Protein chains: 2
Amino acid sequence: MIAWRNAIDCIYFIKKKSISIIIHIFAMQNDNSFMKNKGEVTIHDIAKELKISASTVSRALNNNPRISTKTKNKIKETALKMGYRPNIVASNLRTQKTNTIGVVVPRIYRNFFSNAISGMEEIAYRRGYNVIITQSGDDPEREQFNVNSLFSSRVDGIIVSMAMHTTNFDHFKLFYDKNIPIVFFDRLCAAIPTTQIVVDDENAGYQITKHLAEQGCKRIAHLAGPQNLKIYSDRRKGYERALAEMGLTIDEDQIIYCNLTREDGTKAAQTLLSGTNKPDGIYCGNDTSALSVIIYAKENNIKIPEDLCIVGLSNEPFAEVITPSLSTIKQPAVEIGKQAVLSLIDQIENKKRPEKLETIVLPTELIIRESSKRK
Amino acid sequence: MIAWRNAIDCIYFIKKKSISIIIHIFAMQNDNSFMKNKGEVTIHDIAKELKISASTVSRALNNNPRISTKTKNKIKETALKMGYRPNIVASNLRTQKTNTIGVVVPRIYRNFFSNAISGMEEIAYRRGYNVIITQSGDDPEREQFNVNSLFSSRVDGIIVSMAMHTTNFDHFKLFYDKNIPIVFFDRLCAAIPTTQIVVDDENAGYQITKHLAEQGCKRIAHLAGPQNLKIYSDRRKGYERALAEMGLTIDEDQIIYCNLTREDGTKAAQTLLSGTNKPDGIYCGNDTSALSVIIYAKENNIKIPEDLCIVGLSNEPFAEVITPSLSTIKQPAVEIGKQAVLSLIDQIENKKRPEKLETIVLPTELIIRESSKRK
DNA sequence: GTGAAAGCGCTAACAT
DNA sequence: ATGTTAGCGCTTTCAC
């Protein structure tokens with residue numbers, strides 16, 4: 001007898017988002033005597049069945065306190081028996097709210113993004129929101145299409161990591177102008193004054209460099225990414241701050257600017273490690289380039305970490321299993337996703353957006369592995 | 001105040017040197033004479049503006065051939081000028097179709113799934129569908145909740161990789177009974193006669209074993225997964241078929257049944273490689289266990305591939321970067337996702353579902369790397 | 001505590 | 001080629 005109550009309430013959790021324990025018991029639904037052949041059972045069918053009005057049914061199913069417990073129970077029971085399923089599309093149209101969040105990322109399959117998306121879904125699920133995923137493939141036009149499409153779907157808000165070369169922000173402005181919440185993460189958009197979720201890249205660079213110095217490195221090189229992107233310039237700034245603090249000189253020859261690809265890493269390793277004034281520590285702007293450096297060092301019989309300490313950044317899955325395992329910075333991808341959704345839902349439900357650009361900074365974690373552990 | 005914004009907007013767009021049409025449109029958008037204060041522009045607003053009927057506007061925007069090109073153009077132009085955005089929610093309600101696909105996977109962040117999802121989104125995008133992602137976390141109740149929730153959202157179909165221990169299939173039956181397409185992939189559901197997308201695991205096992213024999217291995221061991229799961233029993237069957245074909249004996253001592261975790265791999269390696277009758281080739285049921293075997297072999301000074309060839313299965317990201325790089329089977333995750341959506345959309349749009357269980361088998365690819373290349 | 005009625009924004013007969 | 005009308009299934013104001 002408790003069964004039907006839980007079941008129908010559970011269905012309604014999908015629409016509302018009461019925070020209650022959910023028990024699923026979807027039995028009793030195969031009683032076909034009530035089933036209409038065409039289409040779904042509606043609240044009108046239930047109303048007719050019970051000779052009451054549709055509005056009462058609607059109220060009862062939404063746990064409106066004005067309905068007596070007795071009729072409420074009767075309605076829920078009948079709803080379950082008839083195999084009623086709320087039509088959320090209709091509800092969405094009527095209430096002008098979809099409980100849906102749109103997500104736009106460059107590429108879903110990248111480790112960082114799939115983890116972030118996983119975190120987003122986790123929170124969205126708990127709060128009663130759906131998540132529509134789209135990927136731009138780093139194509140500004142496709143990003144624009146996706147964002148416009150999400151608007152037409154009337155999502156309640158969007159979470160975006162921008163395509164690499166997006167320069168026109170009209171599609172974001174569309175949301176901004178209509179007061180629909182946007183949250184950026186990872187690749188930010190300075191043109192839209194809203195919430196952004198980032199990790200403390202400056203501090204990551206600082207931690208890495210300090211760690212290298214503590215391991216006894218006297219000459220620490222840095223493979224730096226494109227400095228027009230904030231994440232990479234921050235990673236370099238942290239490096240310079242640490243060097244200064246440790247009393248080490250900043251030598252521009254020891255900073256190689258590149259795109260941090262596998263090829264770039266190899267080239268940089270050649271440049272740095274073939275000269276006379278070799279570094280005894282290299283802080284790579286990401287794990288990919290660090291991988292190249294490790295391979296180059298091994299091929300050239302440079303001992304890691306004795307002769308050369310190497311640290312990467314991002315904690316790719318391969319970092320812990322390569323030989324030697326790679327010291328790196330763990331970015332809390334899942335946590336970033338969770339924060340993004342929390343912040344977005346807060347804006348959606350409290351109808352207030354930040355006055356100006358608001359940056360939420362999440363901490364990173366230095367993971368010390370063989371490639372830099374000397375003692 | 002409003003004037004100021006207009007000015008800024010215009011300057012902004014002119015500075016960007018965007019296509020002049022866009023400048024025009026956005027300039028007009030800020031002309032408040034068109035804008036309703038509350039809510040969005042609707043086809044009725046456009047109709048009123050042009051003194052025509054809303055249905056004509058609807059037809060024009062949907063490129064209905066019965067509307068003359070002249071009025072069509074005029075309507076589209078006005079729609080743009082007024083900043084009209086179609087309300088898909090309303091359209092969905094009316095047409096009883098959402099152009100949305102629901103996806104349920106155990107964990108989004110797993111490499112295989114994020115790749116599959118990426119493939120799904122790719123095709124869905126091209127075919128004009130949205131993708132709602134949910135994850136079960138291998139919890140049957142959460143899976144049930146997600147599937148029911150997707151039903152209430154009136155998705156046009158779902159794609160599912162089941163939770164590990166789902167035993168009640170009522171939630172899938174709900175879709176099946178109402179003739180809403182379902183496609184399973186990876187973790188299948190035999191209880192629902194529908195389309196399933198899988199890879200040819202039997203053949204993968206066969207290829208691996210044959211490859212090992214061709215490299216000169218005479219005694220080939222196998223780390224086998226739980227045999228109640230089809231993928232793992234198939235992987236073993238291919239192994240036995242190859243052995244038989246190559247005239248090698250099937251020795252049950254050389255088959256270790258386990259869950260293929262890191263720990264299982266280490267334990268299996270100990271068992272196999274410490275005895276007197278050591279194998280000279282090991283086919284591991286996945287890459288994770290293969291990793292453990294490689295590490296064990298390296299620690300015990302067993303030369304790879306000279307003394308021992310090792311092959312994994314699934315091509316995890318680490319396989320190509322560990323030392324020695326790991327030979328493995330590449331599963332076309334992205335392709336699986338694409339196939340799943342193609343098959344689902346076919347069922348949605350042609351309103352025909354398979355009479356009985358229909359299995360689409362995708363080929364795998366053997367990638368030979370250092371861990372098994374002897375010549 | 002319950003009902004009547006209006007309408008969210010769109011589409012699609014059925015007219016003309 | 002265009003207009004009229006009637007909903008899709010739900011919520012919600014206003015009555016009683």
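Just so we're on the same page: letters track the sequence lines, and every chain starts at 1. Just so it is clear, the structure is predicted and the values come from calculations on it, not from any experiment.
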Let me know the distance between [atom1] of [X] and [atom2] of [N], rounded to the nearest Å.
{"X": "B:L61", "N": "D:dT2", "atom1": "CG", "atom2": "P", "result": "14 Å"}
{"X": "A:D45", "N": "D:dG9", "atom1": "CG", "atom2": "P", "result": "9 Å"}
{"X": "B:N73", "N": "D:dA1", "atom1": "CG", "atom2": "P", "result": "14 Å"}
{"X": "B:L50", "N": "D:dG3", "atom1": "CG", "atom2": "P", "result": "10 Å"}
{"X": "A:N64", "N": "C:dG3", "atom1": "CG", "atom2": "C1'", "result": "14 Å"}
{"X": "B:K51", "N": "D:dT2", "atom1": "NZ", "atom2": "P", "result": "17 Å"}
{"X": "B:N92", "N": "D:dC10", "atom1": "CG", "atom2": "C1'", "result": "15 Å"}

Practice item. Check whether any side-chain N or O of A:T71 sits under 4.0 Å from OP1 or OP2 of C:dG1, and answer yes or no. Key: no
Review point. Looking only at side-chain N and O atoms, does A:Q96 come under 4.0 Å of OP1 or OP2 in C:dG7?
Key: no
Review point. If we only count heavy atoms from C-beta on, is the A:V160 to A:H171 side-chain gap below 4.5 Å?
Key: no
Check your understanding: Are any non-hydrogen side-chain atoms of A:V183 and A:Q196 less than 4.5 angstrom apart?
Key -> no
Check your understanding: Does A:S68 or A:L93 map to a spot on DNA chain C nearer the 5' end, using the closest nucleotide for each?
Key -> A:S68
Review point. Salt bridge between A:E40 and B:K178, side-chain N to carboxylate O under 4.0 Å?
Key: yes
Exercise for review: May I ask you to check whether B:F184 and B:F172 place their ring centers less than 6.0 Å from one another?
Suggested key: yes
Practice item. Classify every nucleotide of nucleotides 10-16 of chain C by which part a protein heavy atom approaches to under 4.0 Å, writing B for the base, S for the sugar-phosphate alone and - for neither, in 5'-to-3' order. Key: BBBBB--
Check your understanding: Which distance, rounded to the nearest 0.5 Å, do you find between the CD of A:Q96 and the CG of A:D156?
Key -> 10.5 Å
Point to revise | B:R154 backbone acceptor or donor facing B:T98 side chain under 3.5 Å | key: yes
